Amino acid sequence: MELIGKITADRPLLVLAVKEEAQFLDTDLPILLTGMGKVNAATALATALGRGPRPSGVVNLGTAGALRPGWTGTHVVGTVLQHDLDGELLATLTGETYGAPLTLPDGGEVVLATGDAFIADETARARLAVRAPLVDMEGYALASAAALAGVPLRIVKHVSDEAGDGAARTWRDTVADCARSLADWAAANVPYRS
């Protein structure tokens, strides 16, 4: 976890997993780098929000794998779900619902599947494509932490790879272009300067 800048109540907090995704952000807004995966994302954001002050909102910028053909570019997420938590089975064991999909108020129709596995094989890609067009490793955890803290969240993802064979190599090759696109989106859609 690394916080760059100072969180204030009158400005949003930009949240990204890794410095490679943030490399072209040229802003005086605070930036939180959480590290990859759900645990890192949730604990970093919860820690930052718990220390206070809380930001006016959180904007998660990051890369995502495309689970369906033809998905490219930058997308604002409307619903996020956990693909690696068997909520239905847990409900049969406990009677409690865990990990239900979360709807984001400022999102669109795009569904994002979040899990701790980097999806890089065709079998996993096909299985997840039934549930969502995009996949990442932090979105659901950030949405959950922000919701518990009562802080509004937007999730914006730029497609870096096709979440199939060779996805890891493709991510490394495209992350700089993705970071530039995410910085451009933020400059156009987030109050970028104080």
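Nothing fancy with the numbering, it's 1 onward along the sequence. Values below: every heavy atom of this structure, side chains too, minus hydrogens, waters and symmetry copies. Small disclaimer: the values here were computed from a predicted structure and weren't measured.
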Review point. Which salt bridge (Lys or Arg N to Asp or Glu O under 4.0 Å) pairs, counting each pair once, include a residue from residues 154-171, with sequence neighbours left out?
Key: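 As it turns out, the salt bridge (Lys or Arg N to Asp or Glu O under 4.0 Å) pairs with a partner in residues 154-171, which skip direct neighbours, are Asp136-Lys157.
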Exercise for review: Write out all pairs satisfying salt bridge (Lys or Arg N to Asp or Glu O under 4.0 Å) with one or both partners inside residues 111-128, taking only residues at least two apart or from two chains.
Suggested key: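 The answer is Glu122-Arg125.
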Is [X] reaching over with its side chain to a backbone N or O of [Y], donor-acceptor style, under 3.5 angstrom?
{"X": "Arg180", "Y": "Gln23", "value": "no"}
{"X": "Glu21", "Y": "Ala179", "value": "no"}
{"X": "Thr174", "Y": "Thr170", "value": "yes"}

In Å, rounded to the nearest 0.5 Å, how long is the span from [atom1] of [X] to [atom2] of [Y]?
{"X": "Thr34", "Y": "Asn60", "atom1": "OG1", "atom2": "CG", "answer": "7.5 Å"}
{"X": "Lys38", "Y": "Leu142", "atom1": "NZ", "atom2": "CG", "answer": "11.5 Å"}
{"X": "Asn40", "Y": "Met36", "atom1": "CG", "atom2": "CE", "answer": "10.0 Å"}

Closest approach of [X] and [Y], non-hydrogen atoms and distance?
{"X": "Ser181", "Y": "Thr74", "result": "CB-OG1, 4.2 Å"}
{"X": "Ala48", "Y": "Ile7", "result": "CB-CD1, 4.1 Å"}
{"X": "Arg68", "Y": "Arg131", "result": "NH2-C, 4.0 Å"}
{"X": "Pro101", "Y": "Tyr140", "result": "CA-CE1, 4.4 Å"}

Practice item. Return yes if a side-chain donor-acceptor contact under 3.5 Å exists between Thr63 and His158, otherwise no. Key: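 The answer is no; no qualifying pair exists.
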Exercise for review: Decide whether Trp71 and Ile119 are clustered together by the hydrophobic rule: side chain heavy atoms of Ile, Leu, Val, Met, Phe, Trp, Tyr closer than 4.5 Å, transitively.
Suggested key: no
